[in-house]
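Presented below is the structure to which this report refers.
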There are 2 protein chains.
Amino acid sequence: MLDLKNPLSQQQAMEAFFFGYQAFTAKADEMLERRGLSRVHQRIVFFIARYPNLSVKELLALLGVSKQALNMPLRQLLEMHLVESVASETDKRKRLLELTAEGARFEQALRREQVKLLERVFAEAGETAVNGWLAVNLALGESQAHTD
Amino acid sequence: MLDLKNPLSQQQAMEAFFFGYQAFTAKADEMLERRGLSRVHQRIVFFIARYPNLSVKELLALLGVSKQALNMPLRQLLEMHLVESVASETDKRKRLLELTAEGARFEQALRREQVKLLERVFAEAGETAVNGWLAVNLALGESQAHTD
DNA sequence: TTTTAAGGTCAAGCATATTGACGTATCCGT
DNA sequence: ACGGATACGTCAATATGCTTGACCTTAAAA
């Protein structure tokens with residue numbers, strides 16, 4: 001079992017996380033590259049799918065980048081008609097972001113590949129392991145969630 | 001529990017992985033920035049610590065970057081006397097990489113911060129969860145390990 | 001001895017991120 | 001109604017990191 005007092009165990013855990021994350025993103029990165037897009041584009045459509053009617057400001061907070069860094073890829077997605085931006089009814093300064101039908105298909109295609117990988121790993125590692133994996137990742141995220 | 005058939009569960013898992021990995025690297029990134037270094041520098045010293053007497057070629061394979069991309073940060077680490085490069089006895093073309101005493105301290109300081117975070121999360125999520133987290137990350141990494 | 005492998009470096013190009021500065025539209029408190 | 005704050009978008013300059021291509025030295029292997 002994992003013993004975090006042991007330097008070798010620490011290194012193993014960190015290495016596994018590094019390669020695990022890399023493997024998780026590899027397939028989607030490849031698909032994105034074929035369309036001339038990058039990981040930021042996926043993150044954008046991912047968060048819009050996860051949080052419909054997301055405002056630009058909220059998206060910026062989730063991504064943790066400057067608005068100038070978001071500008072270019074978001075504009076590309078708008079021009080490709082994968083994302084739509086509509087002024088909010090209640091606050092007309094806000095632009096609420098939505099996926100178009102094609103954008104939704106695109107996001108799902110990327111996500112499906114990643115989920116397929118998780119499913120393969122699920123079969124290998126077992127349900128308990130996958131639930132633990134999720135629990136630890138959630139806890140890690142929480143540890144950082146309110147640092148802004 | 002995690003149901004990978006459910007799109008919402010899929011999104012939750014992916015989001016958790018994204019923020020989890022971000023949280024995991026945040027503290028070390030901060031420490032690196034204070035020394036004018038970046039995440040690549042940590043990866044270099046990390047892999048040298050994990051695999052002593054690593055050759056440059058092996059390091060390149062682990063990092064998955066071009067040798068030109070490695071050149072600059074590795075040279076910096078050599079000039080800062082955090083890393084040493086010695087010609088292999090058995091094959092004098094090869095340069096085996098080692099950490100200096102100071103380099104070892106540096107790598108440990110970065111790792112310690114990340115392990116501290118894992119320990120906090122360990123307490124929260126429980127041993128079973130942590131073992132599952134490790135098992136899934138290992139399996140993910142394995143799925144990709146021999147793709148080069 | 002010719003070829004291959006390991007390592008190092010220079011150059012050009014591209015992508016992505018940053019900060020700073022502006023401009024416009026809209027909301028909100030007084 | 002006015003003035004400040006907020007949301008968004010964009011231009012510019014800059015830094016960084018990574019890529020491919022080319023070239024060189026040294027050393028091992030065929």
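A, B, ... follow the sequence lines: proteins, then strands. Residue 1 opens every chain.
A residue-by-residue look at S88(A) and R43(A) shows that R43(A) has its nearest nucleotide of DNA chain C further toward the 5' end.
At least one donor-acceptor pair under 3.5 Å links the side chain of T100(A) to the backbone N or O of H81(A). Checking side-chain atoms of Q114(B) against main-chain N and O of F24(B) turns up a donor-acceptor pair under 3.5 Å. Remark: side-chain polar atoms of E58(A) are paired, donor with acceptor, to backbone N or O of S55(A) under 3.5 angstrom.
Comparing dT19(D), dT18(C), dG8(C) by their closest approach to the side chain of S66(A) singles out dT18(C). The nucleotide whose nearest atom lies closest to any side-chain atom of R95(B) is, among dT26(C), dC8(D), dG8(C), dG8(C). Considering only side-chain atoms of V56(A), the nucleotide from dC8(D), dT18(C), dG8(C) that sits closest is dC8(D). With dC18(D), dA22(D), dA6(C) as the choices, the nucleotide that has an atom nearest any side-chain atom of K94(B) turns out to be dA6(C). Of the candidates dT26(C), dA28(D), dG8(C), the closest approach to any side-chain atom of K92(B) belongs to dA28(D). The side chain of Q68(A) lies closest to dA12(D) when the candidates are dA12(D), dG7(C), dC8(D). Proximity note for R93(A) (side chain, C-beta onward) versus dA7(D), dC10(C), dC8(D): the nearest is dA7(D).
Residue R75(A) has a polar side-chain atom (N or O) positioned under 4.0 Å from OP1 or OP2 of dT10(D). Taking 4.0 angstrom as the limit, N71(B) places a side-chain polar atom (N or O) nearer than this to OP1 or OP2 of dT9(C). At the phosphate of dA15(C), neither OP1 nor OP2 sits under 4.0 Å from any side-chain N or O atom of S38(A). The phosphate of dA6(C) has OP1 or OP2 within less than 4.0 Å of a side-chain N or O from K57(B).
Atom-to-atom, CD of Q42(B) to C1' of dG17(D) comes out at 17 Å; the value is rounded to the nearest Å. The separation between L78(A) atom CG and dT10(D) atom C1' is 14 Å, rounded to whole Å. Counting to the nearest Å, the C1' atom of dA7(D) and the CG atom of L96(A) are 11 Å from each other. One can place CG of L70(A) at 10 Å from P of dC8(D), the figure rounded to the nearest angstrom. Summarising the geometry, the separation between CG on D91(A) and C1' on dA5(D) is reported as 12 Å, rounded to the nearest angstrom. One interatomic measurement links the two molecules: CG of L74(B) to P of dG17(D), which rounds to 14 Å at whole-angstrom precision. Distance CZ (R39(A)) to P (dA17(C)): 11 Å, rounded to an integer number of Å. Rounded to an integer number of Å, the gap from L37(A) CG to dA15(C) P is 12 Å.
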Quiz prompt | Derivation and outcome, salt bridge (charged side-chain N to carboxylate O under 4.0 Å, His left out), residues D91(B) and R93(B) | solution = CA-CA 5 Å; D91(B) 183 344; R93(B) 291 172 305 177; 3.0 Å; yes
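No side-chain donor from either of Q22(A) and Y21(B) sits under 3.5 Å from a side-chain acceptor of the other.
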